[in-house]
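Have a look at the structure below before the remarks.
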There are 2 protein chains.
Amino acid sequence: MVVTDSTGSVASLRIADGLRRAILAGEFAPGERMRQEVIATRFGASRLPVREALRILQSDGLVTLVANSGAWVSQLDERECAESYEIRERLEPLLLRESMPGLTAHDIAAMRRLAEEMERKPEVETFLRLDREFHLLSYSRAETVLLSALIERLWNTTQHYRRAFAVLVGADGRRVVHYEHFLLVDAIQRGDAEDAQRVLGGHIRRTRLELAQHPEVFG
Amino acid sequence: MVVTDSTGSVASLRIADGLRRAILAGEFAPGERMRQEVIATRFGASRLPVREALRILQSDGLVTLVANSGAWVSQLDERECAESYEIRERLEPLLLRESMPGLTAHDIAAMRRLAEEMERKPEVETFLRLDREFHLLSYSRAETVLLSALIERLWNTTQHYRRAFAVLVGADGRRVVHYEHFLLVDAIQRGDAEDAQRVLGGHIRRTRLELAQHPEVFG
DNA sequence: GACGAGACGAGTGGATCCATTGAAGGAGCG
DNA sequence: CGCTCCTTCAATGGATCCACTCGTCTCGTC
């Protein structure tokens, strides 16, 4: 997974990065207004780089800008969230296939450790972090820059609903998730790309269908 | 296909729109430098809305920004172009499936006319325009906003190579394309979603493979 | 003659100030 | 008492000016 540099030397990139982290951490709720002045003060800059940062985040799909009105944290509705999962269902197996040949024994061992750790830890935030690490690690050896960036964006925009859903179902509701994670690691370790893609596609598909049965996540 | 408003009332949107058209029309070549001052003069605005417009185009994947250096028209390399086609190969059949139930008899008749017209007209620019119209029309009844926007972005970023390839193979080299277009319209008219998706996937896949055999398009 | 350091210039990034728009609250009329 | 219109203001959009960075050219030295 190739991540853009964003060295932090340029203010707009630094602000965009900080805001992105804040949104993914749940510090801002979807639909919440983001005032330029407030953000500028928070980052010790003028409104100008803030405006550029908001444009960057808009390109990430994390922020929605309305001309002459303002900026809000993006709020996917139920349909759009389902769309994201349908897209992921078709693209992530492709990305995994691209990455698999490059995965080292060390990578696979790390994936297994992550799967085990998130099975042990019941905390939602820990689960979210480890689950993200787990899957992105499985994609980390892919050399497909566009696809990798696209997938990461989809993960970012659905992050809030992943959290809401994880809270809703609790640790018990995640047992199938862990089972699928181990199936995935096993398939990868065997070098069985077909099976790994099938497991991954099913993993995402099942999540989408479960989400569809819990519309209260979007309330 | 849902297209963002961009009413033109706000300068940055107006500039972004104008630049997007110019890039898609081939007025700028990939890799070409885009100076803020030049663009500002062209659109009768200051450099500030130009900077925001460039950010917007960056989000469209049409422009590449480098901090403290400048902006260039995005240049996909061969690998990235192939990636775009692989992504399209998996997503456009999905989008077509979403759109098909909403397509009217009028839509389908229009598609057939477009297919016939582009078979008759040998000019490259005409072909590019009609081909784009043809496919986007087939997606036009889909209510999937994210997917629709994503597909349109992929069409935009590969537009330049579509043109270069169309020039290279000439009207004769497009005969298979027309054949596939009619297969697609027929399947849609029969309401055979499975077959339509299969034809479309093959259409995109074949194009990708043909592109891979003509690396001179990227030179 | 070639390589490296320093100065110059073009161009981008950022801050401040002004114009404009959209919304909210209050007053007046029906 | 409620609806409409107008006023007011807060927040965004845009222009100008200044600071800084990067590339290039030149001069000096080895």
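Chain naming here is simple, since letters A, B, ... match the order of the sequence lines and numbering starts at 1 in each.
Once rounded to the nearest 0.5 Å, the distance linking CG of B:Leu95 with OG of B:Ser138 reads 7.5 Å. The line from CG of A:Leu137 to CG of A:Leu130 is 11.5 Å long, rounded to the nearest 0.5 Å.
Computed from coordinates, the A:Glu37 CD to C:dA15 P distance equals 12 Å when rounded to whole Å. The interatomic distance linking A:Phe43 (CZ) with C:dG14 (P) rounds to 14 Å, in whole Å. Taking atom CD1 of residue B:Ile56 and atom C1' of nucleotide D:dG13, one finds them 12 Å apart after rounding to whole Å. One interatomic measurement links the two molecules: CD of A:Glu52 to P of C:dG13, which rounds to 7 Å at whole-angstrom precision. Nucleotide C:dG22 holds its P atom 12 Å from the CH2 atom of A:Trp72, rounded to whole Å. Taking atom CD on A:Gln58 and atom P on D:dG13, their separation rounds to 11 Å, with Å as the unit.
Between A:Asp131 and A:Arg174 there is no salt bridge, since none of the side-chain N atoms of the basic residue sits less than 4.0 Å from a carboxylate O of the acidic one. Between A:Arg141 and A:Glu98, no side-chain nitrogen of the basic residue sits less than 4.0 Å from a carboxylate oxygen of the acidic one, so the salt-bridge criterion is not met.
Here the nucleotide nearest the side chain of A:Ser12, chosen from C:dG14, D:dG14, C:dG11, is C:dG14. Here the side chain of B:Gln36 is nearest to one of D:dT12, D:dA15, C:dG13, namely C:dG13. For B:Arg35, taking side-chain heavy atoms from C-beta onward, the closest of the listed nucleotides C:dG14, C:dG11, D:dG14 is C:dG11.
Ring geometry, B:His203 versus B:His135: the interplanar angle falls under 30°, so the pair is classed parallel (tilted spans 30 to 60°).
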N/O contacts under 3.5 Å, protein versus nucleotides 16-25 of chain D?
none

- Query: B:Val63 and B:Trp72: side-chain contact (heavy atoms from CB on, under 4.5 Å), yes or no, with the steps?
  - Reply: CA-CA 6 Å; B:Val63 162; B:Trp72 287 264; over 6 Å; no
